[in-house]
Amino acid sequence: MELMKHICPDSPYVWDGKHVSECFIVTVLGFGANMVTLALVAAVGINKRRAKGNIRINLPMKVFLYIVPVLGACTVLFNMVLLLKKLLDGYPVAFHEWIFSCSQFAVWVTILLFSTCDYWFVVFCNQILCLWWIAKPFLLIPHLQTAFYSQEVFRYLRESLLALLDVMFGILINIMRIKWASNKGRSNSMEEPLLPCKINVKESHPRIPGFVQNFWHLITFKPINTLMECGVKRQLDSNDLLYLPEDLNPSSCHKLLQQSWEALQLKNSHQPSLLKAICCAYGWPYFRLGLLKVINDCLGFVGPVLLNKLIRFLQQGSNHYEGYIFAISLGLVSILKSFLDTQYTFHLSKLKLKMRSSIMTTIYHKCLYVRLAERSKFSEGEIQTFMSVDVDRTVNLCNSFHDMWSLPLQIGIALYLLYMQVKLAFLSGIAITILLIPVNKWIAQLIAKATKSMMEQKDERIRRTAELLTHIRTLKMYSWELIFASWLMKTRVLEVKYLSTRKYLDAWCVFFWATTPSLFSLFTFGLYTLLGHQLDAATVFTCLALFNNLISPLNSFPWVINGLIDAFISSRRLSKYLSSSEYKAEMEKKGNPSAQSCSNNQSNPENMAVLICDACSTWLSSDEKDFSLVLDNVTLPIPKGYLVVVIGEVGSGKSSLLNLILGEMRLINGSIHLTGSTTYVPQIPWILSGTIRDNILFGRDFNPTRYSDVLQACALDLDIALMMGGDMACIGEKGINLSGGQRARLALARALYCSSDVYMLDDVLSAVDAHVAFSILHNAILGPLMNQQTRILCTHNVQAIYAADMVVEMDKGRVKWVGTPSDLNVSSYLAFPSIDNCNISSEVQADKRSFVAVEAEQEVQEDDSGKLEGVIGTIEAETRKEGRVEIVVYKNYAEFAGWFITTLTCLSAILMQLSRNGNDLWLSFWVDTTGSSQKDYSTAFYLGILSMFCLANSTLTLMRAFSFAFGGIRAAIQVHDRLLSRLINASVSFFDQTPSGRILNRFSSDLYTIDDSLPFILNILLANFVGLMGIAIVLSYVQVVFLLVLLPFWYIYSKLQFYYRSTSRELRRLDSVSRSPIYASFTETLDGASTIRAFSSEDFFLFGFTQHLTLYQRTSYSEVTASLWLSLRLQLLAAFVVSFVAVMAVIGSHRHLPINLGTPGLVGLALSYTTPMVSLMGNFLTSFTETEKEMVSVERVLQYMDIPQEEVGDKQLDLHWPSRGEIQFQNVTLRYIPSLPPALRGVSFIISGGTQVGVIGRTGAGKSSILNALFRLNPICGGCILVDGIDIAGISLRDLRSHLAVVPQSPFLFEGSLRDNLDPLQINDDTQIWNILEKCHIKQEVEAVGGLDIHVKGSGISFSVGQRQLVCLARALLKSSQVLCLDECTANVDTQTTSKLQNAIARECRGITVITIAHRISTVMNMDNILILDQGILVEQGNPSMLLRDESSRFSSYAKASKM
């Protein structure tokens, strides 16, 4: 107790009645902390004195490690000298001050002593010491607070310097510890401090020197310099981008989130939340960033406090040096805040990139593993929206969540400081804020509702757009593109309706929050003066500075609420999708009695490749409680090594049986057991964008011998020889530049190369000619590469049925019969027994083989190729513009919005800023007149003028908000409508050469930017621009010396922005280009997910997607770093301006200048205007750059507004044309690309009206080119085509196509009612439709599923491919055209149905011209005439019966080889 009396003689030991005593703070928290530090350093130093090790420390860090302790020791020594002088002068010095200073000196001297030891770094890198040095500065906070309240500026600066040195030393030793731990190869418990000094990169990538070697380079973003120098000189490419740190690698990000999601699913399997999984994965790093944000936000209020002290100093007119300290401190605070602000943004952006990468990869992973039946509850458009829109909205939660507590904190601090200035008068301002809370809550609820509805319509619009793009060729042949566009437009109208609601509600939010500061100042100053207080410059301009600090959080609040609402809605949507049950390799279900008995009844189940027992399945997801069975009580054992042929009528369940085995259907009952690996060839072949070789290898290693054998077995070797680039030739999206037969053979080659135990082949022989089918059957399916494995083949091919080991007949979802071919009543299955073709002797087979060989030789010379080479090599990398976004892009956007609304918006923004500046100048005038003896007006007069300014500001703010909302909506409508119009009128060649993923990217991401992001950022840009101009004009008016720095300041500013913008534009374009492959890959995977799972290639495709995502991440990471590089430098530049104006104000107050720098009111106004310049300048260029980046979306959309359009023609047709149906080709030549050989070479023929003509020829002979020319899908380059004597070149294009009927080779059904699918123009009544369906043998199936009003899901998945072809045929017959074109419409139907159909066509189309492109010779046997094409040349024509009798004719040789 005596000791405490000696230490604290004149003060209480702990509590002085109001707060903790200064003596206690200095003795316990100061001296005590220093003694603990000394003890720790000494203990660690003695313990580690024999420790050895080596660490390379760069020169700047070494200098810092010596300078910091030296500065600390010198500062404390200087303080001790001052205490001694004070004592010698007779002033009392408290004992606790002595012991505190001595302990500080001892700490720094001890550190310097240990720095001379060889093992110094082992001591300082000790974990306990590092942790202690992080905690130690927090113990100094009460001491700093005491120094601040003492009102002694020098003491406060001294103590602040010592505290800063403590913090710096703590940061330095932690940096050393991290580097030392990394060198030792062990993990660090402090892996990512708030300001980390090291970021690991992949060992295979070059390291970024700035992040590893130099702390200064880290906080100033120097590593981006090389990239920016390249950006100024030339166009950037992906090799120039920054490499990703290890923690940003998409694979590691995906692994982290996937583990969290799976853990949640185990805890809550029914309703796991994606947000909870994200919190588990990234919650702790996000929380640490929150701590940094607290410090940063609090530091933002130091400026107004220092401003208050500086203005009070200027009002007093003192000559003391404190004014300079306040002025310089303003600049130093701005500098410190700049560094903290950019570091927070940098680490938050990194966290957002991690989240985006992990969510996108998780969605893709789910796409790979969720089975088709389970996926049916989501439309393709909805799933694509998950990737394109919902991911970004969920990631934006990072910004919104911290802002939800940060903004109220900032508002609270600002209100507290306002209370310190104007006492209870600030309550009037709070009252306004509180009154607006329920209003904004109500608006937020309406926005949430509108957003949800808008997203639903957006999903539907993107689905319809994808459907239109996928089937654009067929739609053009039907002349349905306009009706499809009108349906899409109806969806867009609903989307825009909800978008408009959202935008106008946003405008009200902007109005309420933007006018709040003006109303706040009016009511606060009004009440303050009415309460009898006198306004002075310090009070007014400190309050104005605080109001400026309020603007950002107040204006941000509605956007934060919107962001949170969007994030929660999107995360719920994603959670629902990610909760879908996944495909399981083992589909066997235990515990079913019938299944067990089925297994027991098998003589030897181990010899079974596939064992299906009492399986009942459906295509509906597990969420659907009411379902109809597609397969019912299927029991089927398939022995190993068998060739099993599955036959049955159209819609009998053949394809569903294969999908059941693959696990794609929902198994309701029974069991399936599959032994070994599988490969699968779907009925509609799934072809990858890429090379021929990539499609065949499918991620497997290249084996030249097997590869060559596979090509020969699938008759692909000679096709590849024709292609430019051979097997490295590029294939367009979905194999658009391959013929149907080539696609089928390519898919078969993939299955054959990827050797497996069970091959599942769905009707692979129907798309090829009879002789090619024979070759494939004997060389591939029955050949040495496959004949030892189990093969399940769905087919109508009689040759395959004879060759089978087992035949399975399906009927209405049940197994009707199982046996051998000899037991099957084949005669009932054969199509045309009229021709003697049932002889299957070895002699005929030998003839066939020789014929195939001859044809193979001929194939080398032929061309289609015409179609193939026409497009091979034309799928180019996506183009992007160079240099800055051209002014014409801005002009076009202004035109889209409307020039009147653009002018009104700009004018209202300028007038709004003028009213605000006028408000501030009036306040300045008020305080000056109040402070002088010449007060000519009453307080009511000043308040009245202030109220007028406030009212004008509010009105103009409302005008600006609503004009921007209206202009943005109008632009969004115009852009979408024009883009859609240009696309539906584009030529087919454009779609052949452009992947639909690129076009869909315009309609999804780019259009979302134009709808939502671009108007938002433009609004901010305009506000920042007029705000900055207003500040510059006012500063030049109130403080003339500002003009001295204005020109050099503007010069540096313009140089910085030019240097940055050159790079940022290129990065934004790279960002858009690198995004397209992600969406294209995702869309492609959606289409082929079942094939990928069958081949067990999920990991290969996930790796490919990760590669695309890595490039996208690198682009985004470079963008973030470049923008923060600029932001830091701009803020440092603005900090200099703040210091300059403040120092000049102090010099002016000392009368050291020949000119007057204005009254206290004007000087206060100038100082209050310089403070927000720090943020406003950065915000202006950031918003300008962001606007330019967002404008890239407009630029990309404008690219597709210049695409080549179809030659429409203007001649209108008679309603009943063509009346005869006579077609003449006169020397017609057709090229798909001018530089390549023609697909049709001078073809001439006449088809008489009412005759039926078949067109045959080898795959690629030019058969489909006949229809392309007739429908003007591709313009002919020579000759002419006449229909009923009229040259079709001059006819209106849509008129021409609408008067011709067609059944395409690939059946096309769209999502909607079956009635709309058959008759979208609603010309026929139900009776006519049912009549045609009956004639097409599809009526029974339609009645069974629910009639004409049933909803057809995407691509008609609920129908088999054969049923889809029958529906397409019914659609064509309903058109009642005089010309009917059939592009092998019976390829995927059984032979019995084919026979019935051809009889129906012959009966219904009597007197109608029918052109049939056929692969089966049997299809054309009853035709009036046939045309045989080879290499694009018409080589033979005539009546089939006559040609058949001519042994030397080509048709006769075809007929013999086909074995019909």
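Remember, predicted model here, so these are calculated numbers, not experimental data.
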(Q) Whether the Gln1131 and Ser1127 side chains hold a donor-acceptor pair (N or O, under 3.5 Å, no angle test) is what I'd like checked. (A) yes
Q. What are the two closest non-hydrogen atoms of Val333 and Leu299, and how far apart are they?
A. CG1-O, 4.0 Å
Q. How are the rings of Tyr344 and His402 set to each other: parallel, tilted or perpendicular (split at 30° and 60°)?
A. tilted
**Q.** From Leu1130 atom CG to Thr342 atom OG1, the distance as rounded to the nearest 0.5 Å
**A.** 11.5 Å
Q) Can you name the nearest heavy-atom pair linking Trp261 to Leu274, along with the distance? A) CZ3-N, 3.5 Å
Q: Measure from the side-chain N and O atoms of Asn308 to the backbone N and O of Pro304, and report whether any donor-acceptor pair falls under 3.5 Å.
A: no
(Q) Quick check against the 3.5 Å criterion: does Ser349 have a side-chain atom that pairs as donor or acceptor with the backbone of Thr345? (A) yes
**Q.** Closest non-hydrogen atom pair between Leu248 and Lys350, with its separation
**A.** CD2-O, 3.4 Å
Q: Keeping the roles fixed (side chain from Asn79, backbone from Thr75), state whether a donor-acceptor pair exists under 3.5 Å.
A: no
Q. Is a side-chain donor or acceptor of Arg1129 paired with a backbone partner of Thr220 at a separation under 3.5 angstrom?
A. yes
Q: Taking the six-membered ring of Tyr419 (Phe, Tyr or Trp), confirm whether the NZ or CZ of Lys423 is under 6.0 Å from its centre and within 45° of its axis.
A: yes
Q: Locate the shortest heavy-atom distance separating Ser273 from Leu264; write the atom from each residue and the value.
A: O-CD1, 3.3 Å
Q.
Can you tell whether the side chains of Asp247 and Lys354 come within less than 4.0 Å, N to carboxylate O?
A. yes
Q: Supply the atom-to-atom distance Arg572 CZ to Thr394 OG1, rounded to the nearest 0.5 angstrom.
A: 11.0 Å
Q. Could you go step by step and tell me if Tyr282 and Ser260 meet the side-chain hydrogen bond (donor to acceptor under 3.5 Å, both in side chains) rule?
A. CA-CA 10 Å; Tyr282 301 110; Ser260 301; over 6 Å; no
Q | Spatial distance of atom OG (Ser338) from atom CG (Leu1124) [nearest 0.5 Å] | A | 12.0 Å
Q. Roughly how far apart are Leu564 CG and Asp403 CG, rounded to 0.5 Å?
A. 8.5 Å
Q: Identify the two heavy atoms, one from Leu351 and one from Pro285, that lie closest to each other, and give their separation to 0.1 Å.
A: CD1-CB, 4.4 Å
(Q) Under the rule for side-chain contact (heavy atoms from CB on, under 4.5 Å), what residues qualify as partners of Trp284, not counting sequence neighbours? (A) Phe287, Arg288
**Q.** Single hit among Phe346, Trp1125, Tyr1117 for ring-ring contact (aromatic ring centres under 6.0 Å, His included) with Phe221
**A.** Phe346
Q) Quick one: CG on Leu244 to CG on Asn249, what's the gap to the nearest 0.5 Å? A) 7.0 Å
Q: Identify the heavy atoms of Leu1126 and Tyr1060 that sit nearest to each other, and give their distance.
A: CD2-CD2, 3.3 Å
Q | Euclidean distance, Ser1183 OG relative to Ile1017 CD1, rounded to 0.5 Å | A | 6.0 Å
Q) More than 12 non-hydrogen atoms from neighbouring residues, nucleotides or ligands closer than 6.0 Å to CZ on Phe523, yes or no? A) no
Q: For Phe401, look at atom CZ and say whether over 12 heavy atoms of other residues, nucleotides or ligands are found less than 6.0 Å away.
A: no
Q. Which residue, Thr524, Thr542, Val540, forms the side chain to side chain contact (heavy atoms under 4.5 Å, CB included) with Gln421?
A. Thr542
